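Comments concern the structure below.
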Number of protein chains: 2
Amino acid sequence: MSSLPFNVDAAAPPPGGAGAVTPAFSPLYQQIKALILQSLQQGEWKPGEAIPSEMELAARFRVSQGTVRKAIDELAAENLVMRRQGKGTFVATHAEQHVQYRFLKLLPDTGDARVEGPAQRTVLECRRVRASADVARALALRSGDPVVQARRILSFAGEPTILEDIWLPGQAFKGLTAEQMAGYQGPTYAMFELDFGVRMVRAEEKIRAVLPDSEQAQLLHTPAGTPLLSVERIAYTYNDVPMELRRGLYRTDTHHYHNELS
Amino acid sequence: MSSLPFNVDAAAPPPGGAGAVTPAFSPLYQQIKALILQSLQQGEWKPGEAIPSEMELAARFRVSQGTVRKAIDELAAENLVMRRQGKGTFVATHAEQHVQYRFLKLLPDTGDARVEGPAQRTVLECRRVRASADVARALALRSGDPVVQARRILSFAGEPTILEDIWLPGQAFKGLTAEQMAGYQGPTYAMFELDFGVRMVRAEEKIRAVLPDSEQAQLLHTPAGTPLLSVERIAYTYNDVPMELRRGLYRTDTHHYHNELS
DNA sequence: GAGTGGTCTAGACCACGCG
DNA sequence: GCGTGGTCTAGACCACTCA
């Protein structure tokens, strides 16, 4: 079946190693979590599918249900799986998620959350290029490595609102076309899951206020001199591997970026 | 000692109530959590202090340690308390928090996180005024109710970087002075805890790109025409009671607003 | 009614902090 | 050495889903 975890250090470093005395105690449930994560990563269960029940996993790993439970609790807290009482635990997916556009924090100023429905996409460009230095750095590639670059406009209620440039590692996204970017119904990240097996798991954003150049202003139907929100996002798959760089310009005259702090 | 929870619905609504059939099942640990929250709210334990041990709370509420544990787990996840192994569980405070400025997401562009040290504060103004309509709405007051209004500049490494206008309910912040705003070392929210017993627990922000007027630009030493980040924050105490409206203008030429998505 | 996740308990032992 | 939170177990029962 599978490797059995031992109730000892996951990867016990030799005592007296270079520099610090790392305690390196790893609770059992963390080891189980790592094993489940590994299976997720290797695609043993596909996005949207159910993973084995807690009892099954407990039997497989030779631990109690409670230990598996705590492992899954953490995975659920990180949005990697979704629990549904009475049904099972499912691999998280950007497709059938109750919140469409999980990573998009732009909301219309009118309180009606997402009444405006899904965004209309206009793909302006999608082609293979060589990574510039900063793109390469963001994606952990080397300058000149192949990347796919796309540019598109998202419109809400007919109004162009977001202009995005997207860079993806060429290796993982071989054969991505403008038609694919435009044609897929639903979140682009769901398309990435289905067509390329790439699951975005978390992301970081750097936000600034900028003035668009004339081309950008024109594309967004915005008077020259109107400031825009610059949102640079790096999205990661499992193991903190960066798989997307996205530079967005958001109009904030009709929308705002919403953030919850705690 | 204290009221005992019952293993029944916390506040069982009469069946066949108006409209929906609310199931209204409340697990024991949620009831315990609510009771602990109530004690926090009533100031039974002050910020920074330890709350009773899990065993004590279990005895007090006549439940098992595991149930108390789960209640505290959730409170810790919401940053209302902090657990420290071997020491106890402590009421969260903005004062001695490992991350100073818990709600401030502006980071210097140079990777060195907070090397620049604490911000220098310049308080330009602090006086009692009557709430305008929009301030009143944000703070759940009535137009014309007394509020304290303050304006200040935060500088990092000598450079003015943030211009903030702050509105606080006059009732809870009676007697707040400019000296207090300027003099306190450490986060302003820590001062609110100490001097007014008001603990900010969570906040929401709406972010936009704007052009400052000439006064704002001058205060921030920024050339006219430089776009700024407009950050409108509403901070809440317990029970989602709004206790602060803050409108900030952030310079994003040397800093950026950083956000983690998951 | 069978199977799933969710709650609750009781008890044992471990890691940590401090006197 | 003691008290704290942290882990792990085993078993019972509950709530939800679906056939």
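The structure displayed is predicted, hence computed values, not measured ones. For the numbers below, each heavy atom of this structure counts, side chains included, while hydrogens, waters and symmetry mates do not.
- Relative to the six-membered ring of A:Tyr238, A:Arg199 misses at least one condition, a distance below 6.0 Å or an angle of at most 45° to the axis.
- The nearest whole Å value for the distance from the CE atom in B:Met55 to the P atom in D:dT4 is 9 Å.
- Taking every side-chain heavy atom of B:Glu54 into account, D:dG6 is the closest of C:dG5, D:dG6, C:dT7.
- A centroid separation of 6.0 Å or more is found between the aromatic rings of B:Phe192 and B:His94.
- Taking every heavy atom of residues 84-94 of chain A and every atom of DNA chain C, pairs under 4.0 Å involve A:Arg84, A:Gln85, A:Gly86, A:Lys87, A:Gly88, A:Thr89, by number.
- For the pair B:Gln30 CD and C:dG6 P, the computed distance is 13 Å after rounding to whole Å.
- For the pair A:Glu49 (side chain) and A:Lys46 (backbone), a donor-acceptor distance under 3.5 Å is present.
- Under a cut-off of 6.0 angstrom, the local environment of CD in B:Glu44 is crowded, with over 12 non-hydrogen atoms contributed by other residues, nucleotides or ligands.
- Atom pair B:Gln31:CD and C:dG6:P shows a separation of 19 Å (rounding to whole Å applied).
- A straight line from OH of A:Tyr29 to C1' of D:dC8 spans 12 Å, rounded to a whole angstrom.
- The separation between B:Ile51 atom CD1 and D:dG3 atom C1' is 15 Å, rounded to whole Å.
- The side chain of A:Val63 lies closest to D:dT9, out of D:dT9, D:dT4, D:dC8.
- Cation-pi geometry between A:Arg84 and A:Phe90 is met: under 6.0 angstrom from the ring centre, within 45 degrees of the axis.
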What do the steps show when you test A:Asp240 against A:Arg202 for salt bridge (Lys or Arg N to Asp or Glu O under 4.0 Å), and what is the final call? CA-CA 8 Å; A:Asp240 290 329; A:Arg202 65 174 199 90; 2.9 Å; yes
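- Rounded to whole angstrom, the span from the CG atom of A:Leu28 across to the C1' atom of C:dC14 amounts to 12 Å.
- Contact annotation: A:Thr67 reaches the phosphate of D:dT9 (side-chain N/O to OP1 or OP2, under 4.0 Å).
- Contact check, A:Ser64 against D:dC8: no side-chain N or O comes under 4.0 Å of OP1 or OP2.
- Distance, A:Gln65 CD to D:dG11 P: 12 Å, rounded to whole Å.
- The closest side-chain donor-acceptor pair between A:Tyr257 and A:Glu205 falls under 3.5 angstrom.
- Nearest to the side-chain atoms of B:Ser53 among the listed nucleotides C:dT7, D:dT7, D:dT4 stands D:dT4.
- OP1 or OP2 of C:dG6 has at least one side-chain nitrogen or oxygen of A:Arg69 nearer than 4.0 Å.
- Rounded to an integer number of Å, the gap from NZ of A:Lys33 to C1' of D:dC8 is 18 Å.
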